[in-house]
Structure formats: structure tokens, C-alpha cells
Amino acid sequence: LADYEPECPILYVYGLEKPVMFHSENWIELLTKRPDCKVVQVSNAGHWVMRDQPRLVVDLINSWAQPFS
């Protein structure tokens, strides 16, 4: 996936309190550089960010997706 470039905007939300990250720093850099993507690190959340921080996740999705609607 080294040369993979997403064809659509991505909101990438991940919890910092999990033992294994499923992404690379290159992936985070790629998304961070794109104006149509957003990366959010969530402290106080593990792998299931939507379970650990549901209100935050809903607010992030609503605010990020608004320009696309």
C-alpha cells in the first residue's frame, strides 16, 4: 500500500490508549497533508473510539462532513 492514494475524503479517528496501532506514520502524514482529510488522535480512548468517546465522535463526524453536504 506504499503508493496507495485514497480517492475520497477521509476522517481518520483513532484512540491513543490501545496496545497496537493499525496505521503507519506515513499514512497519518498522507492524510494530514490533504485538505479534504482530517486526522484526530483521541486520548482517553482505545480501539473502539466510538464506544469510549461517542459524543466526541458524533461531533467530529458532523463538523467534518458539513462542507460535503
Side-chain angles (χ1 to χ4, degrees):
L1 293 174
D3 295 327
Y4 175 73
E5 179 76 29
E7 294 182 22
C8 63
I10 294 176
L11 171 62
Y12 192 75
V13 180
Y14 65 97
L16 291 174
E17 296 180 14
K18 59 184 184 176
V20 177
M21 295 297 171
F22 297 104
H23 62 267
S24 67
E25 284 301 315
N26 289 343
W27 176 249
I28 299 300
E29 274 184 43
L30 173 75
L31 295 181
T32 302
K33 289 179 182 176
R34 287 182 46 159
D36 62 341
C37 295
K38 183 173 183 170
V39 176
V40 180
Q41 301 175 355
V42 181
S43 56
N44 302 325
H47 178 72
W48 301 107
V49 182
M50 67 294 258
R51 181 197 67 198
D52 298 338
Q53 298 289 333
R55 183 78 257 160
L56 174 66
V57 172
V58 168
D59 290 346
L60 285 169
I61 292 169
N62 286 335
S63 67
W64 176 78
Q66 186 151 10
F68 301 108
S69 59

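All values below come from the heavy atoms of this structure, side chains included, with hydrogens, waters and symmetry mates left out. What you are looking at is a predicted structure, and each value in this text was computed from that prediction instead of being measured.
By the rule that hydrophobic residues join a cluster once side-chain heavy atoms approach within less than 4.5 Å of another member, Val40 and Leu31 end up as members of separate clusters. Linking Ile, Leu, Val, Met, Phe, Trp and Tyr residues whenever their side-chain heavy atoms come within less than 4.5 Å places Phe68 and Val13 in a single cluster. A continuous path of hydrophobic side-chain contacts links Leu56 to Trp64 [ILVMFWY only; heavy atoms under 4.5 Å]. Under the 4.5 Å side-chain contact rule for hydrophobic residues, Met50 and Leu60 share a cluster. In the hydrophobic clustering of ILVMFWY residues, with side-chain heavy atoms under 4.5 Å counting as a link, Met21 and Val42 come out apart.
Heavy-atom minimum distance, Tyr14 versus Ile28: CE2-CD1, 3.8 Å. The minimum heavy-atom distance linking Glu17 with Asn44 is given by the pair OE2-N, 3.1 Å.
Ring geometry for Tyr4 versus Trp27: interplanar angle under 30°, hence parallel rather than tilted (30 to 60°).
Contact check for Val58 versus Asn62: side-chain heavy atoms found under the 4.5 Å cut-off. Taking the side chain as every heavy atom from C-beta outward, His47 and Val20 never approach each other to under 4.5 Å. Side-chain contact between Cys37 and Leu30: absent, with no pair of heavy atoms (C-beta onward) separated by less than 4.5 Å.
Not a single donor-acceptor pair under 3.5 Å links the side chain of Gln41 to the backbone N or O of Leu16.
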